[in-house]
Structure formats: C-alpha cells, structure tokens
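Here is the structure we will look at.
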Amino acid sequence: MGAKIDLRMKSVPPSVVQPLRTSLKIWYDQWGRDLPWRQTLDPYAIWISEIMLQQTQVKTVIPYYQRWLKRFPTLEVLAAADQQQVLKLWQGLGYYARARNLHRAAQIIVTEWGGRFPDTLDAVLQLPGVGKTTAGGILSAAFDQPVPILDGNVKRVLARLTALSVPPKRALLHLWLVSEQVLDPEYPRGFNQALMDLGATICLPKQPSCDRCPWSEFCQAYLLNLQTKLPMSEPRSPLPHKQIGVAVIWNDQGQVLIDRRPQKGLLGGLWEFPGGKVEAGETIPDCIAREIKEELGIEIEVGDHLITVDHAYTHFKVTLTVHHCRHLVGEPQPIACDEVRWVTLDDIEMYPFPSANQQIIDALRHQTPQ
DNA sequence: CACTCGTGGAA
DNA sequence: TTTCCAAGAGT
C-alpha cells in the first residue's frame with residue numbers, strides 16, 4: 001500500500017551522462033535551429049522570447065517577437081509604455097497575463113534594478129511571469145549559467161530517455177533532477193537550446209524520428225520500442241459549451257459600445273462587445289437585453305442578427321450569437337467591467353480585442369453600419 | 001495541488 | 001473534422 005514507483009531506477013546512469021552531452025553537442029552544431037532570439041545576448045530580448053514561447057509554437061511567436069522589439073526596443077521603453085499598447089501588440093497571441101506581467105516586470109526592473117536585467121536565479125524568479133523553466137531559459141541563454149529547464153519538449157525527451165512509466169505531471173521532481181543531471185556545466189547555453197531543439201524537431205509527440213536522434217542508443221523508450229507510447233498522457237474530460245448573447249449597440253452618432261474586461265481573469269484588460277451567458281429557456285434577444293441592463297444599466301432594442309462565432313478556449317467552448325442593437329435610454333455604467341466607451345469603427349482598431357471579438361469587428365466592416 | 005488562463009499549427 | 005498540444009505560470 002502506498003508504495004511509490006521507485007524513480008531512482010529511471011535515472012540516467014552516471015556513465016551515460018558524458019556521452020549524452022557529447023553526442024547532443026555534435027548533433028546541435030549541425031542541426032540546431034537558427035532562431036531570431038539566438039542572434040542576441042541581450043537579456044531583455046531573450047526574456048521577451050521566453051515569455052512569448054510559453055505554450056506557444058515558435059512559428060507563431062516569430063512575427064510577434066519582431067514587432068515587439070521594433071515597438072519596445074528596450075526595457076525602459078516597455079516600462080514607460082501604456083498597458084493598452086502592450087496588449088494591442090500581444091493581441092492574438094493569447095494568455096494575456098503574460099503581456100500584463102511583462103509590462104509590470106519591466107517597471108520592477110527599472111525601479112528595483114536600475115534598468116539592468118537581474119542575473120541571479122532568485123532575482124529572476126521574483127519577476128512576475130517568470131517560473132523555473134523561463135528562469136533557466138533566460139539565465140542559460142543570456143548569461144550562460146548552468147540552470148536546468150523543463151518545458152514541454154524537455155519533459156517529452158527525458159520521459160522517453162528514462163522510459164518514465166507515469167505521466168510527466170506525476171514525476172516533475174524526477175524530471176527536474178534528470179534535467180539538472182544531464183545539463184552540461186561546460187556548455188549550458190548550447191545544451192539547453194539543443195535539448196529543446198531535439199524535442200521540437202526529432203523527439204516529436206507523434207512519430208519521433210529516432211533514426212536521426214543522437215540519443216537513440218541511450219534512449220530507454222527506443223530500446224524498449226515504446227517511443228510512440230511515451231510519454232504517458234492522462235485522459236481529458238470533455239469541454240463544457242456555453243451559449244453567449246452578444247450586443248453591438250449603436251448610438252445616434254454611429255458609434256458602438258465596447259467595454260474593458262477586469263484585469264484579473266479571462267482576457268483581462270482586453271476590450272469586448274458586451275453580453276453574457278444564455279440562461280435555461282431564454283431566447284438570445286432576451287438574454288442580450290437582460291445582460292446589457294444588468295452589466296451596463298441601460299435599455300436597448302435588440303435588432304438583426306449579425307454573426308455567430310464559435311470559439312474554443314482551453315477549458316470550454318463558446319458560441320457567440322451577435323445581434324445589432326439600438327441604444328434607447330440610460331448612460332452606460334461600468335458595473336461588471338473596468339470601463340465602457342463609445343467608439344467609431346475607425347477608432348476601434350486602436351483597442352486590443354480577443355480573437356473571437358475580432359471576428360465580430362471584421363463582420364461589421366463588411367456590412368453597412370446601422 | 002487542481003484549476004485557470006488563448007490561440008493556432010499540425011496530424 | 002476533431003484532437004492534441006505548444007520554450008508554463010499564478011493561484
């Protein structure tokens with residue numbers, strides 16, 4: 001009872017550590033990726049890339065990274081910027097707390113560190129939005145310090161290397177120890193980058209290219225022919241589906257009403273068209289009128305259907321049913337949001353919107369305003 | 001510690 | 001088309 005799996009059996013034998021380092025370096029020298037953030041040693045630029053790359057593919061990040069450094073070339077520029085400008089540049093990248101934390105952290109570095117990026121693990125871990133993996137990525141890439149990492153790529157590579165018999169989530173301590181154990185103290189910058197490249201280009205989730213892998217002769221999963229079955233995954237529960245009624249409210253000046261979501265929580269700090277969840281037995285127009293009265297304190301007339309948008313978030317799906325509406329009486333109040341504003345369709349592009357709402361804006365541009 | 005937090009690439 | 005999941009962190 002309670003006997004835990006003996007993870008020591010899954011460690012890497014000390015005699016294998018040096019061959020792992022040597023073979024990975026040789027492979028990386030030939031096959032390593034040439035990525036924009038590897039052309040600099042500026043800790044600011046490397047930090048930006050590490051944050052953007054959290055849960056986000058390299059291909060998606062590259063254009064955002066280029067635009068970011070053009071718009072916010074230094075820590076000082078970022079610290080002095082408006083949060084709305086920061087979020088606007090982040091629009092579409094998701095996990096918007098990353099952008100809010102970057103902005104806050106830049107201000108902290110300016111005030112607490114005189115604008116000089118900290119170079120110790122403790123100090124970097126104090127920055128909002130920086131956890132163990134990001135800290136290791138920054139310190140190894142920018143300062144060549146031997147600090148381990150454990151991102152999705154490394155979890156998969158090490159789970160296969162050691163034929164980990166439980167899902168990685170259940171063995172994080174073990175995986176961190178292995179990452180630290182194999183890390184080459186003579187070559188930390190290249191090693192960590194090589195480890196991630198191995199996961200991203202060879203040790204793929206499905207159909208790993210073991211015939212091109214420098215570690216195949218050491219890989220317990222490969223030697224046991226388990227490489228396509230590892231790492232183990234945990235079953236997922238089906239996503240709940242929410243029906244949302246959304247209002248595009250027009251006033252007599254041809255403006256529409258938008259609101260800014262609270263800083264905390266989903267899509268914090270972004271703007272949106274107001275609306276809310278459809279209750280049982282309620283029609284969409286009834287829902288929209290009720291939500292607008294509850295959240296903005298105004299009376300509207302619900303008109304024609306504009307567009308229906310289906311969107312999937314991480315933990316649920318939504319269907320936004322959007323109607324044109326006409327403002328009748330009352331001054332909009334920010335009851336359930338941080339701010340409300342009347343804007344023209346020309347000005348609306350200045351505001352950061354979530355992707356599902358951007359589709360609504362696109363639809364508005366393609367039809368005659370009410 | 002389980003849950004929250006976005007979006008799009010790739011199969 | 002659906003499904004997985006990507007250089008994870010905060011609470």
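Atoms considered below: every heavy atom in the structure, side chains included; atoms not considered: hydrogens, waters and symmetry mates. Here is how names work: the chains are called A, B, and so on, in the same order as the sequence lines, proteins then strands, and each is numbered from 1.
Between A:Trp68 and A:Trp90, the ring planes lie perpendicular to each other; the angle is over 60°, past the 30° to 60° tilted range. The aromatic rings of A:Tyr187 and A:Tyr28 sit perpendicular, their planes meeting at an angle over 60°, well past the 30° parallel limit.
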Can I get a per-line list of side-chain donor-acceptor pairs under 3.5 Å for residues 238-249 of chain A, giving both atom names and the distance, sequence neighbours left out?
unit_1: A:His241; atom_1: NE2; unit_2: A:Thr319; atom_2: OG1; d: 3.2

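At a threshold of 4.0 angstrom between heavy atoms, the contacts of A:Gly129 are confined to the sugar-phosphate backbone, with no base atom among them. Among the heavy atoms of the strands lying under 4.0 Å from A:Thr134 are primed sugar atoms or P, OP1, OP2 only; no base atom is included.
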Under 3.5 Å, which N/O atoms of the protein pair with N/O atoms of nucleotides 4-8 of chain B?
unit_1: B:dC5; atom_1: OP1; unit_2: A:Leu266; atom_2: N; d: 3.4
unit_1: B:dG6; atom_1: OP1; unit_2: A:Tyr95; atom_2: N; d: 3.4
unit_1: B:dG6; atom_1: OP1; unit_2: A:Tyr96; atom_2: N; d: 2.7
unit_1: B:dG6; atom_1: OP2; unit_2: A:Leu267; atom_2: N; d: 2.3
unit_1: B:dG6; atom_1: O4'; unit_2: A:Tyr95; atom_2: N; d: 3.0
unit_1: B:dG6; atom_1: N7; unit_2: A:Tyr95; atom_2: OH; d: 3.3
unit_1: B:dG6; atom_1: N7; unit_2: A:Thr314; atom_2: OG1; d: 2.4
unit_1: B:dG6; atom_1: O6; unit_2: A:Tyr95; atom_2: OH; d: 3.1
unit_1: B:dG6; atom_1: N1; unit_2: A:Gln55; atom_2: O; d: 3.1
unit_1: B:dG6; atom_1: N2; unit_2: A:Gln55; atom_2: O; d: 3.4
unit_1: B:dG6; atom_1: N2; unit_2: A:Thr56; atom_2: OG1; d: 3.1
unit_1: B:dG6; atom_1: N2; unit_2: A:Leu93; atom_2: O; d: 3.2
unit_1: B:dT7; atom_1: OP1; unit_2: A:Tyr96; atom_2: OH; d: 2.9
unit_1: B:dT7; atom_1: OP1; unit_2: A:Ser355; atom_2: N; d: 2.9
unit_1: B:dT7; atom_1: OP2; unit_2: A:His311; atom_2: NE2; d: 2.9
unit_1: B:dT7; atom_1: O3'; unit_2: A:Gly92; atom_2: O; d: 3.3

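With rounding to whole Å, A:Asp151 atom CG is found 15 Å from C:dC5 atom P. The distance from atom CD of A:Gln207 to atom C1' of C:dC4 is 14 Å, rounded to the nearest whole Å. For A:Leu173 and B:dC1, the CG to P distance is 11 Å, given to the nearest whole Å. The distance from atom CD of A:Gln263 to atom P of C:dG10 is 16 Å, rounded to the nearest whole Å. Look at CG on A:Asn101: it is 8 Å from C1' on C:dG10, rounded to the nearest Å. Spacing between atom CD1 of A:Ile149 and atom C1' of C:dG8 amounts to 12 Å, rounded to whole angstrom units. The separation between A:Leu102 atom CG and C:dA9 atom P is 12 Å, rounded to whole Å. Atom NZ of A:Lys317 and atom P of C:dC4 are 10 Å apart (whole Å).
Atom CZ of A:Arg67 has more than 12 heavy atoms from other residues, nucleotides or ligands within 6.0 Å.
C:dC5 sits 13 Å from B:dG6 when the C1' atoms are compared, rounded to a whole Å.
Under 3.5 Å, the side chain of A:Arg33 and the base of C:dA7 form at least one donor-acceptor pair of N or O atoms.
In this structure, the ring of A:Tyr313 has its center no less than 6.0 angstrom from the ring center of A:His315.
For A:Gln84 and A:Trp271, the side-chain atoms include at least one donor-acceptor pair closer than 3.5 Å.
Checked by atom type and distance alone, the side chain of A:Asp151 pairs as donor or acceptor with a backbone atom of A:Val154 at under 3.5 Å.
Taking only side-chain nitrogens and oxygens, A:Lys59 comes nearer than 4.0 Å to OP1 or OP2 of B:dA10.
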